[in-house]
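The structure under discussion appears below in the form of structure tokens.
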Amino acid sequence: APAPIDYKFMDGLRGIGAFVVYVCHFLDRYYHVPTKKMYDTKTKSAEHMLPDWMRTTPITVLYHGYFWVVVFFVLSGFVLTLRFFKIRKATCVTGGTFRRYVRLMIPVWFIVSFYYMAIRFQLLDGADFDDKNDFSELKDKTYMDFVFDSTIGIWYGDNTWMVAVWTLSIELTATFMVYLLAQTAVEYRGRFYIYGVTCLFFLVPYYLDKWGFTDYKLEKTHTKISVIYHYPIFIFGVAIADMEMMPNRPLDVFRGWWWPYATLKNIFLLFIGISFGGHRGGSCLYENSGPCEYFRIISFDEWLARDIMMYIGGLAWIFLALTSDATQWLLGSCFFQFFGKISYSLYLVHALFVFWLQNDLIRNLYERGGMKYDYAVAIAFGAYTPVLVLVSWLLTIIVDEPYKDFAYELDMASRYKQPPVRSIAGGGEIASEKSEKRAAKFLTNSWKFFALVIYMLMVYVTTEAYSYYAVN
């Protein structure tokens, strides 16, 4: 049997992705894609444009947020099903399915409450830039709107509270799909054909529509189509997890290469990951200017669709992480593991910094203080990024980790039987026992449940009291 691998280092890749999404939203907010006229005339508004070298070279992978969301989705398919493929126990699927919504939703509910309180306390009234206030459509939201949106609306694709949560409805529904697919496929010969056919089932109708062969109006921007369109990315992760748990792991062939060959392989994967992952579309220098020359060449004059390039680029990063000792050492370092640990909190809370705190500082320095625009943006990024990381870490300790445990404890308390546990002494498994716990009894004894209820009541009382006294 091959030596076991601790895949904890993959969290480092998730940490990189979460930080890049933050950088993407920051740069997209304060550096626009100009019109052709703005680009040609180089007016004062040209200060709000990134320099050409940041738009025309593969450095775009460092702020291409959507590409790193693709990497997130592959990682989710991989991580969610890895343990099931390892031990082939149904409890992996039932437990993961039961816990997933609670585990994802409660941190969202907490963090959306910050947005809600900031709006009700009128802290975001001045959060406008270039005559646009990103929070204006939220000003009439009530407490019940906040509760409904956090617990239901966001999971149906509503991203009015923060732009990044469009991915969460996909993450949630894809969980059920990948568990079902994994549990079904392992019972059949040729299961990798099942993975491939399932991917084609989701992708072919979309691309037939895109290429004009059909007219089903399958627009990727539509919420339902966006969900279905992204499912194959998770299936890539499922297939990789399955390969990694096979008695003869296919990727071990690459792990055993002599170091000169391994170095060439790593350079090639890095080139594909950076080059294909950096392709941001057809507005290179200005709106609708066409793709940058570099990306036009590597896409074979756009023969390779941008979406396909991102799939290939995302897989290149995954395979680099799985087959390169140096990459595993780097991703497993304390620095990247820390960002992997805080990635979910960072992903959820960063918009409050980008569209409010950093916005106010840039306006004060640039509009009122007369500072050069690039300097104002750089100072806002440098000043608030450490604060964002600190807040994300605190939210991870106070909210994310405790309520991840809460979801697990609720799962255990709700079962008829406890799942088998591994014996420390013998290495075997102790048989399941009938559970005497009850979910209702667990909740009445859980400080985490009461902390959640008390906090949400506090949000209601303080915001309603402020609104009452502000009006009167």
Side-chain angles (χ1 to χ4, degrees), residues 1-17 71-97 99-100 103 175 178-179 181-183 185-187 191-192 195 234-259 261-263 265-266 269 314-341 343 401 404-405 408 411 418-432:
I5 297 174
D6 183 359
Y7 294 96
K8 185 67 176 174
F9 61 85
M10 297 295 277
D11 286 344
L13 205 56
R14 194 186 303 275
I16 293 172
V71 177
F72 281 156
F73 289 164
V74 179
L75 277 172
S76 290
F78 177 81
V79 172
L80 286 171
T81 56
L82 188 66
R83 179 164 172 77
F84 169 73
F85 286 124
K86 181 178 181 180
I87 66 174
R88 303 290 178 92
K89 297 289 186 182
T91 51
C92 294
V93 173
T94 55
T97 302
R99 296 191 293 265
R100 190 63 168 165
R103 185 268 174 275
T175 299
V178 299
Y179 279 140
L181 179 63
Q183 197 171 26
V186 294
E187 300 296 329
R191 59 183 181 268
F192 288 92
Y195 299 142
F234 290 85
I235 298 173
F236 298 156
V238 175
I240 296 169
D242 194 352
M243 288 193 296
E244 286 295 274
M245 291 297 111
M246 294 173 68
N248 297 308
R249 296 183 301 228
L251 293 184
D252 281 353
V253 173
F254 302 101
R255 294 183 178 111
W257 279 6
W258 185 38
W259 72 264
Y261 296 150
T263 302
K265 178 263 298 177
N266 294 342
L269 290 174
L315 291 173
W317 281 102
I318 298 295
F319 286 130
L320 179 66
L322 290 173
T323 62
S324 166
D325 291 339
T327 305
Q328 291 175 17
W329 174 84
L330 188 65
L331 294 176
S333 64
C334 294
F335 179 81
F336 286 104
Q337 286 294 296
F338 172 77
F339 275 91
K341 179 181 178 180
S343 59
E401 291 182 341
K404 185 192 301 182
D405 294 339
Y408 176 79
D411 173 22
Q418 295 295 311
V421 294
R422 187 168 297 280
S423 167
I424 297 175
E429 288 188 343
I430 300 175
S432 302

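Heavy-atom basis, side chains included; hydrogens, waters and symmetry copies ignored.
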Could you check if a side-chain atom of I16 sits within less than 4.5 angstrom of a side-chain atom of L331, using non-hydrogen atoms only?
yes
Spacing of CZ belonging to R191 relative to CG belonging to L181, to within rounding of 0.5 Å
11.0 Å
With a 4.5 Å limit on heavy-atom distance, are the side chains of L251 and E244 in contact?
yes
Measure the spacing between CG of D411 and CG of D405 and express it to the nearest 0.5 Å.
12.5 Å
T327 versus L13: any side-chain heavy-atom pair under 4.5 Å?
no
With side chain to side chain contact (heavy atoms under 4.5 Å, CB included) as the criterion, how do V238 and Y179 come out once you've worked through the C-alpha distance, each side chain's angles and the decisive distance to 0.1 Å?
CA-CA 9 Å; V238 175; Y179 279 140; over 6 Å; no
Just verifying a value: how many Å separate Q328 CD and L320 CG, rounded to the nearest 0.5 Å?
9.0 Å
Could you tell me whether a side-chain N or O of Q183 sits under 3.5 Å from a main-chain N or O of F84, the two making a donor and an acceptor?
no
Measure across G15 and S343 and return the closest heavy-atom pair with its distance rounded to 0.1 Å.
CA-CB, 4.2 Å
Using side-chain heavy atoms (C-beta onward) and a distance below 4.5 Å, is I5 in contact with R255?
yes
So how far is it from D11 CG to F336 CZ, rounded to the nearest 0.5 Å?
13.0 Å
Heavy atoms, side chains only, cut-off 4.5 Å: are I235 and F73 in contact?
no
Mind telling me whether W257 and Y261 have parallel, tilted or perpendicular rings, with 30° and 60° as the class edges?
perpendicular
List in chain and number order the residues that pass ring pair (Phe, Tyr, Trp, His ring centres under 6.0 Å) with Y195, two or more places apart in sequence or in another chain; answer none if no residue qualifies.
F192
Does atom OH of Y7 have more than 12 heavy-atom neighbours, drawn from other residues, nucleotides or ligands, at distances under 6.0 Å?
yes
Decide ring-ring contact (aromatic ring centres under 6.0 Å, His included) for F319 and F254; before the verdict, give the C-alpha distance in whole Å, the side-chain angles of both, and the deciding distance to 0.1 Å.
CA-CA 10 Å; F319 286 130; F254 302 101; 7.9 Å; no
Distance col, row L269:CG vs L315:CG, nearest 0.5 angstrom, shows 10.5 Å
Test side chain to side chain contact (heavy atoms under 4.5 Å, CB included) on F78 and I318 and set out the steps.
CA-CA 10 Å; F78 177 81; I318 298 295; 5.8 Å; no
When rounded to the nearest 0.5 angstrom, what distance separates CZ in F236 from CG in L75?
14.0 Å
Apply side chain to side chain contact (heavy atoms under 4.5 Å, CB included) to K86 and list each qualifying residue two or more places apart in sequence or on a separate chain.
M245
Minimal non-hydrogen separation, T323 against K265, with atom names:
OG1-NZ, 2.9 Å
A321 and F9 have their tightest heavy-atom pair at O-CE1, 3.2 Å
Would you check if the side chain of N266 reaches a backbone N or O of A262 as a donor-acceptor pair within less than 3.5 Å?
yes
Exam field: side chain R83 to backbone K89, donor-acceptor pair closer than 3.5 Å:
no
R100 side chain to T175 side chain, donor-acceptor N/O pair below 3.5 angstrom:
yes
Check: F85 main-chain N/O paired with R88 side-chain donor or acceptor under 3.5 Å
yes
